[in-house]
Trainee: 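One structure coming up, written as structure tokens, with questions to follow.
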Amino acid sequence: MTTDQNRPAALGGPPAFPDGLPLTRVRVPDREGLLGRLGAVLDSGMLTNGPLVRELEERAAELMEVPHVVAVSNCTAGLMLVLQAAGVGDRRPVLMPGFTFSATAHAAHWAGGTPLFAEARERDITLDPADAEARLKAADSPAALMATHVYGTPCQVEELQRVADAAGVPLVYDAAHGLGSKRRGVPVGNFGLAEVFSMSPTKVAVAGEGGLVATRDAALARTLRTARDYGNPGDYDTLFPGLNARMSELHAAVGLTWLADLPERVAHRGALVAEFARAVAGVPGLRLALPEDGDTSTFKDLTLILDPAAFGLDNRQLAAALRAEGIDTRRYFFPPVNRQRAYAHLGQADDLPRTDRLAAAVLTVPLWSQMDPATVRRVADAVVRIQPFAAELAAGTARG
């Protein structure tokens, strides 16, 4: 006999998290060390163009095993500057996934390109190389190929490089989620012309706000160091229209604090996701967005992929049931960028049926770097408890 204790909170059972569980929670890993760095910055009177930005760049380059890292004010600005340096312009097509954060497309637009959207892979929702290749071949004078390491899951970098080379275009990665990820043991940061990372508060490595551009191209790195300072080489006779995209010393101080134990933090998040996966194994109509064997993801997000017919609820209905449990969720990323109003004029809203299906199936649940295994199991147990009552919950949703 089913008791109220076994029922989902939406059907009268006790909530898993009576005080609520937010999607993310930021906690400074070394508060005293950070305060010391910030104090040194304030004492120096040098709030930008100082030594901590250079130290952050050097430390990030070591972690990524890449020769050049350029710190910028945010990931979007970094993408804009890389695309500008790569010669994107004249509203030529820049091929990219429809399943990505809108900043990927915004950067291409601001750099002078026109987004051209392609399908996601079924397994991990990263860019599908075969679909990208077909669309590049059909495009009129494409300018670049962009790909996103979605949730920190590495893309099919080898195939994408082959596609880019065949099309004669540069390959640029929106690696916003990927600082600490690895593709077959090689750190993300080593692929394409450049990879651009975010250090905003929802990421695994945080600077408050900020971004990093990793590249193996020395000439590009030199260009970006000028571009982030308005295009000013130092004599105020600007070489090209750059941006004010400098990272401050204060943000670099925060970023250095988070880089100190980044590999350990990534490993911990991976262990939490593995714990979640074990707990939900066998639930019908539910799988996780996971990297391939041999790859390492930062798991910036822990994302479920639902088959509504088999699970019994769609992602909106599951989100409502989890909300009753006190669990915060997001539909990362819905709607896909090709369906967003900003890009309706491109007429690509109906071009990506697989992306549409996947975007309508995803639901991101809480995961933090400091979360303990017991908490992640409670989230998983809430999902497991909900599924047998899917028909009852769905009927209630329909009545509501």
Side-chain angles (χ1 to χ4, degrees), residues 24-31 33-42 44 46-64 66 68-85 101-104 106-107 110 148-149 152 172-181 187-189 194-215 220-221 223-230 242-263 265-266 298 300-301 369:
T24 187
R25 180 175 289 166
V26 178
R27 181 180 297 164
V28 178
D30 178 12
R31 184 182 179 88
L34 173 58
L35 291 174
R37 282 196 177 98
L38 292 174
V41 171
L42 296 176
S44 75
M46 184 177 290
L47 302 186
T48 189
N49 288 335
L52 287 187
V53 169
R54 291 191 292 275
E55 184 180 346
L56 176 68
E57 292 172 338
E58 291 166 1
R59 177 60 181 140
E62 291 172 2
L63 284 169
M64 288 187 271
V66 67
H68 309 288
V69 170
V70 180
V72 288
S73 55
N74 56 68
C75 181
T76 308
L79 287 168
M80 291 164 61
L81 294 176
V82 168
L83 292 171
Q84 180 194 55
F101 185 56
S102 56
T104 313
H106 293 352
W110 280 103
T148 302
H149 301 300
V172 175
Y173 285 97
D174 181 341
H177 301 171
L179 186 52
S181 296
V188 167
E195 304 203 59
V196 189
F197 302 84
S198 173
M199 300 188 79
S200 69
T202 61
K203 305 307 185 293
V204 180
V206 175
E209 290 292 348
L212 300 170
V213 182
T215 182
L220 175 62
T223 297
L224 293 174
R225 294 186 192 284
T226 302
R228 71 180 174 184
D229 194 16
Y230 302 97
L243 294 173
N244 178 5
R246 300 185 301 261
M247 178 186 284
S248 77
E249 286 287 279
L250 298 170
H251 288 96
V254 178
L256 280 164
T257 302
W258 253 271
L259 285 189
D261 62 350
L262 178 62
R265 195 176 312 114
V266 170
T298 60
K300 183 268 177 187
D301 294 308
S369 294

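On a predicted model such as this, the values are computed, not experimentally measured, just so you know.
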Trainee: What pair of heavy atoms forms the shortest contact from Val213 to Ala194, and how long is it?
Mentor: CG1-CB, 4.0 Å
Trainee: Could you list the residues that satisfy side chain to side chain donor-acceptor pair (under 3.5 Å) with Glu57, not counting sequence neighbours?
Mentor: Arg225, Arg228
Trainee: Considering only heavy atoms from C-beta outward, does the side chain of Leu83 approach that of Trp110 to under 4.5 Å?
Mentor: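 Result no, sub-4.5 Å side-chain heavy-atom pair not found.
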Trainee: Rounded to the nearest 0.5 Å, how far does OG1 of Thr202 lie from CG of Asp301?
Mentor: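 Nearest 0.5 Å value for the CG-OG1 distance: 7.5 Å.
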Trainee: Walk me through it: do Ser369 and Val204 pass the test side-chain contact (heavy atoms from CB on, under 4.5 Å)?
Mentor: CA-CA 7 Å; Ser369 294; Val204 180; 4.2 Å; yes
Trainee: Not counting sequence neighbours, which residues clear ring pair (Phe, Tyr, Trp, His ring centres under 6.0 Å) with Tyr173? List them please.
Mentor: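 Applying ring pair (Phe, Tyr, Trp, His ring centres under 6.0 Å) to Tyr173 gives His149.
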Trainee: Drop me the distance from Leu212's CG to Asn74's CG, to the nearest 0.5 angstrom.
Mentor: 11.5 Å
Trainee: Work out which heavy atom in Val53 is nearest to a heavy atom in Ala71; give both atom names and the distance.
Mentor: CG1-CB, 3.9 Å
Trainee: Can you see which heavy atom on Met247 is nearest to which on Thr48, and at what distance?
Mentor: O-OG1, 3.9 Å
Trainee: Shortest non-hydrogen contact from Ala85 to Thr223?
Mentor: CB-CG2, 4.2 Å
Trainee: Are the side chain of Ser181 and the backbone of Gly152 linked by a donor-acceptor contact shorter than 3.5 Å?
Mentor: yes
Trainee: In Å and rounded to the nearest 0.5 Å, what is the CG to OG1 distance from Leu38 to Thr257?
Mentor: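 So the gap between those two atoms works out to 7.0 Å.
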Trainee: Quick one: pull up OG1 in Thr298 and CG in Leu179 and give me the separation to the nearest 0.5 Å.
Mentor: 8.0 Å
Trainee: Mark yes or no for whether Arg265, through its side chain, and Trp258, through its backbone, hold a donor-acceptor pair below 3.5 Å.
Mentor: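 Such a contact is found between Arg265 side chain and Trp258 backbone.
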Trainee: At their closest point, which heavy atom of Leu256 faces which heavy atom of Glu55, and how far apart are they?
Mentor: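 Residues Leu256 and Glu55, closest heavy atoms: CD1-CD, 3.8 Å.
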Trainee: How many angstroms lie between SG in Cys75 and CD in Glu209, if you round to the nearest 0.5 Å?
Mentor: 11.0 Å
Trainee: Output, in order, the C-alpha distance, side-chain angles, deciding distance and verdict of side-chain contact (heavy atoms from CB on, under 4.5 Å) for Leu81 and Val196.
Mentor: CA-CA 10 Å; Leu81 294 176; Val196 189; over 6 Å; no
Trainee: For Val66 and Ala214, work out which heavy atoms get closest and say how close.
Mentor: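 Distance-wise, the nearest heavy atoms are CG1-CB, 4.1 Å.
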Trainee: To the nearest 0.5 angstrom, please state how far the CG atom of Leu79 sits from the CD atom of Glu195.
Mentor: 11.0 Å
Trainee: Go through the steps to decide whether Phe101 and His106 satisfy the test side-chain contact (heavy atoms from CB on, under 4.5 Å), and finish with yes or no.
Mentor: CA-CA 9 Å; Phe101 185 56; His106 293 352; over 6 Å; no
Trainee: Could you walk me through whether Leu47 and Leu42 pass the side-chain contact (heavy atoms from CB on, under 4.5 Å) check?
Mentor: CA-CA 7 Å; Leu47 302 186; Leu42 296 176; 4.3 Å; yes
